[in-house]
S.K.: 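I am attaching a structure below and will ask some questions about it afterwards.
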Amino acid sequence: MAISRDDIAAILDEIALLLEIKGENPFKTRAYRNGAETVRNFDGDIVAKAKENDLDGIKGIGKALQEKLHELASTGKLVFHENLRGEFPEGLFELFGIQGLGPKKVRALYEKLGIDSIESLKKSCTDGSAAALPGFGKKSIEKLLESITLKEKFADLFRLGDIAHIAESMLEKLRQHPDSLRVEIAGSYRRSKEILHDLDFLVATTTPAIITQYFSELPEASSVIACGDTKASIRLANGLQCDLRAVSNQQFPFALQYFSGSKEHNVALRSRALKHGWSMNEYGFTPKDKSTPGAPAVKEEADIYRVLGLDRIPPELRENRGEIEAAEKREIPRLIELENLRGTFHNHTTASDGKNSLEEMAEAARDHGMQYLGIADHSKSQFQANGLYPERLLKQIEEIHRLNQTWDDFQLITGSEVDILKDGTLDFEDSLLGKLDYTVASIHSSFQLPEKEMTQRIIRAMENPHVTMIGHLTGRLLLKRNSYQVNIDKVLDCAARTGTIIELNCNPKRLDMDWRHWHRARDKGVMTSINPDAHSTEQLHYLAFGIRLARKGWLRREDVLNCMSLTDVQSWLKLPKDKRAQ
DNA sequence: CTTTCTCTAAAGTGCACTGTGGCCAGTGC
């Protein structure tokens, strides 16, 4: 297969990394990284151009990179790269996944101790040999070990957003099979958990063995763990295990309910069934004794809940966190849906670290059927992200006002993702923030503060009348970095008191604030804004993940700022904060 | 390695934090 632009970019990035380990001129390594970015973002078929050696005049691609790109595009490889790679062992790359290890330290570990894998790093941390190196003290060893433990803990876990695409495409293939009557993905995927350890497919069919066979032969299957008459397990190339159960059409609702879980929800539901005189498993209701009347017919999963005297409980809520009681009292809320969104906030453009211009982001948002799009590029402290200085922000505001004249059905909303500094003050003066329609205040530095200080820092930011919302409240990066220490309840109380919104950040790596807090937040009167934190037009799709997690947090459309129409949101933003509180 | 107020050589994102080692280097945003 021909080499793709992403392959080429990845090779350039790898060269940069290797040069860094070698201690090359930092500007040289940067040139390779810039080159990778240029290749990724090039408007047109850069691979074809490279093949024809037609790369003159592309900014950031000089003579040397032109030749290398040409070689890559025409032969599929690069001798320079292969030689460079040959100088280092394979496992060295995984060391960069450890927090606190950069090129300099990796190089020292490799050259002085021959460390070339996480395994050997762990050993040298425990036996004291790493501590003997200059620059490695007691504390840094502790941190390295902590980061290794974190990585091991997450080894067989996957983020929802990373596997949704492949899950849906496998689901579609199973649905296309002529012998499948009904197909669903059950398990934690159906419950919209942010982290998954497997996928559970469920098929209703009269020919189960044919379906399990078909499943085990899907192109996605890199290995087959088991394949029997009604059950099969495969492993995907990324390590994710996928299980399939084939059941009869009659059993399907019970199996779907059973395999969707959660375990805790099912335990509670089964004990409820017992009170009606039925035991319940993945195949159906069974009367406890001969005197018990049989259960009414069940055709759909919702029938199971109805028969037990409950409203249907959306899968997202099935965590045994009060949903059964609510269903009994007919108080299951009408949960928010993607279609309820009228616009969205917190989006980046090329002005800071986004990939698309204001116009492109606006057009993409219009294509999504939105009435408005809030822009929030980084503030000046985010230097590495090309954060805006006041003059550039003022220019952007003007530019947005100019663009807004060109639409009558859509508006851009001016904003900033302003850094919350260490002491809780903001990266911009109030007078500048006052010129914006809204502000997302976020923490991007000093993650290590103790809980009390961190909480106070955020509260101070929320007390600023110009802070509309707090971005990614806990700073967690799923499967990578724990949240910083913060007292969520104190923050929520302050949010309710000051009329500050807490964002639900939809980036699949974040999904922050966590769904477990939203029900409580909602009851305190805290509103949210479901924000994609999009750095490109494609990332507007992140909203779908945010909606899944908002549903999991019991949120309704009235709890969400960006369910408001354009005119409502405009007048809401003009209100002083204390008038906004619900 | 690329760009440039270039013409052959120089300049090329900044800052805070952390931990270590003795006043600064490395990392991460």
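Letters A, B, ... are given to chains in the order of the sequence lines, protein chains preceding strands, and every chain is numbered from 1.
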S.K.: Can you tell me the distance, in whole Å, between the CZ atom of A:R33 and the P atom of B:dG12?
M.R.: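 Value for this atom pair: 20 Å.
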S.K.: So which nucleotide from B:dG26, B:dC29, B:dC1 ends up closest to the side chain of A:F447?
M.R.: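 Nucleotide nearest to A:F447's side chain: B:dC29.
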S.K.: Nearest whole angstrom, please: distance from the P of B:dT18 to the NZ of A:K422.
M.R.: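 My rounded result for the distance is 6 Å.
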S.K.: Answer with base, sugar-phosphate or nothing: what part of the nucleic acid does A:K380 contact at a heavy-atom distance below 4.0 Å?
M.R.: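 Contact class for A:K380: none.
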S.K.: Please state the P separation for the pair B:dT8 and B:dG14 - nearest whole angstrom.
M.R.: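 Between the two P atoms, the distance is 29 Å.
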S.K.: Round to a whole Å and report the spacing from CG of A:N386 to P of B:dG12.
M.R.: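 One finds 17 Å between P of B:dG12 and CG of A:N386, rounded.
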S.K.: In whole angstroms, how far is the P atom of B:dT2 from the CZ atom of A:F27?
M.R.: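 Those two atoms, CZ and P, are 15 Å apart.
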S.K.: Compare all side-chain heavy atoms of A:I336 with those of A:R551 and state whether any distance is below 4.5 angstrom.
M.R.: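 A:I336 vs A:R551: side chains touch.
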S.K.: Between P on B:dG26 and NZ on A:K143, what's the gap in Å once rounded to a whole number?
M.R.: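 After rounding, the reported distance stands at 17 Å.
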S.K.: Run the salt-bridge test on A:K151 and A:E94 with the 4.0 Å N-O cut-off and return the result as yes or no.
M.R.: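 Not counted as a salt bridge, because no side-chain N and carboxylate O are separated by less than 4.0 Å.
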S.K.: Between A:E503 and A:R510, does any side-chain N to carboxylate O distance fall below 4.0 Å?
M.R.: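 No, A:E503 and A:R510 are not salt-bridged.
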S.K.: Given the C1' atoms of B:dG12 and B:dT6, what is the spacing between them in whole Å?
M.R.: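 Looking at atom C1' only, B:dG12 and B:dT6 are 15 Å apart.
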S.K.: With a non-hydrogen cut-off below 4.0 angstrom, is A:P26 in contact with a base, only sugar-phosphate, or nothing?
M.R.: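 Nothing, no heavy atom under 4.0 Å.
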S.K.: Looking at B:dT20, B:dC1, B:dT27, which one has an atom nearest to any side-chain atom of A:K139?
M.R.: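 Of all the options, the side chain of A:K139 is nearest to B:dT20.
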S.K.: Determine the Euclidean distance between corresponding C1' atoms of B:dC5 and B:dA11; express it in Å to zero decimal places.
M.R.: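 About 13 Å, rounded to a whole number of Å.
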S.K.: With a non-hydrogen cut-off below 4.0 angstrom, is A:E24 in contact with a base, only sugar-phosphate, or nothing?
M.R.: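 Touches nothing.
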S.K.: When you measure from the side chain of A:S446, which nucleotide among B:dT27, B:dA16, B:dC29 comes out closest?
M.R.: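 The nucleotide sitting nearest to the side chain is B:dA16.
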S.K.: With sugar-phosphate meaning primed atoms plus P, OP1 and OP2, does A:N34 contact a base, only sugar-phosphate, or nothing at under 4.0 Å between heavy atoms?
M.R.: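 Counting heavy atoms under 4.0 Å across all strands, no contact is made by A:N34.
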S.K.: With P as the reference atom in both, quote the distance from B:dT20 to B:dG28 in angstrom, rounded to an integer.
M.R.: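 Roughly 15 Å separates the two P atoms.
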S.K.: Where the side chain of A:K105 is concerned, which of B:dT27, B:dC1, B:dC29 is the nearest nucleotide?
M.R.: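 From the listed options, B:dT27 comes nearest.
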S.K.: Classify the nucleic acid contact of A:R107 as base, sugar-phosphate or nothing, counting any heavy atom under 4.0 Å across all strands shown.
M.R.: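 It contacts nothing in the nucleic acid.
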S.K.: I need the CG-P distance between A:L19 and B:dT2, as an integer number of Å.
M.R.: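 That distance rounds to 12 Å.
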S.K.: Among the nucleotides B:dT3, B:dC1, B:dG19, which one has an atom lying closest to any side-chain atom of A:K59?
M.R.: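 Ranking B:dT3, B:dC1, B:dG19 by closest atom to the A:K59 side chain puts B:dT3 first.
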S.K.: Could you tell me how far apart A:L18 (CG) and B:dC1 (P) are, to the nearest whole angstrom?
M.R.: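 One finds 14 Å between P of B:dC1 and CG of A:L18, rounded.
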S.K.: Counting only heavy atoms not in A:K105, do more than 12 sit closer than 6.0 Å to its NZ atom?
M.R.: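 For A:K105, atom NZ is crowded (more than 12 foreign heavy atoms under 6.0 Å).
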S.K.: Over 60° means perpendicular and under 30° means parallel, so tell me whether A:H535 and A:H348 are parallel, tilted or perpendicular.
M.R.: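 Correct class here is parallel.
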S.K.: Give the nucleotide from the list B:dG19, B:dC1, B:dG14 with an atom nearest to the side chain of A:S140.
M.R.: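 Side chain of A:S140 sits closest to B:dG19.
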S.K.: A:L449 or A:G100: which one's nearest nucleotide on DNA chain B is closer to the 5' end?
M.R.: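 The 5'-side residue here is A:L449.
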S.K.: Under 4.0 Å between any heavy atoms, over every strand shown, what does A:Q382 touch: base, sugar-phosphate, or nothing? Just pick one.
M.R.: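 The residue A:Q382 makes sugar-phosphate contact but no base contact.
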S.K.: Without decimals, in angstroms, what is the distance between A:I420 CD1 and B:dC29 C1'?
M.R.: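 Going from A:I420 (CD1) to B:dC29 (C1'), I get 15 Å.
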S.K.: For A:R497, is there an ion pair with A:E463 - N to carboxylate O distance below 4.0 angstrom?
M.R.: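 Counted as a salt bridge, because a side-chain N and a carboxylate O are separated by less than 4.0 Å.
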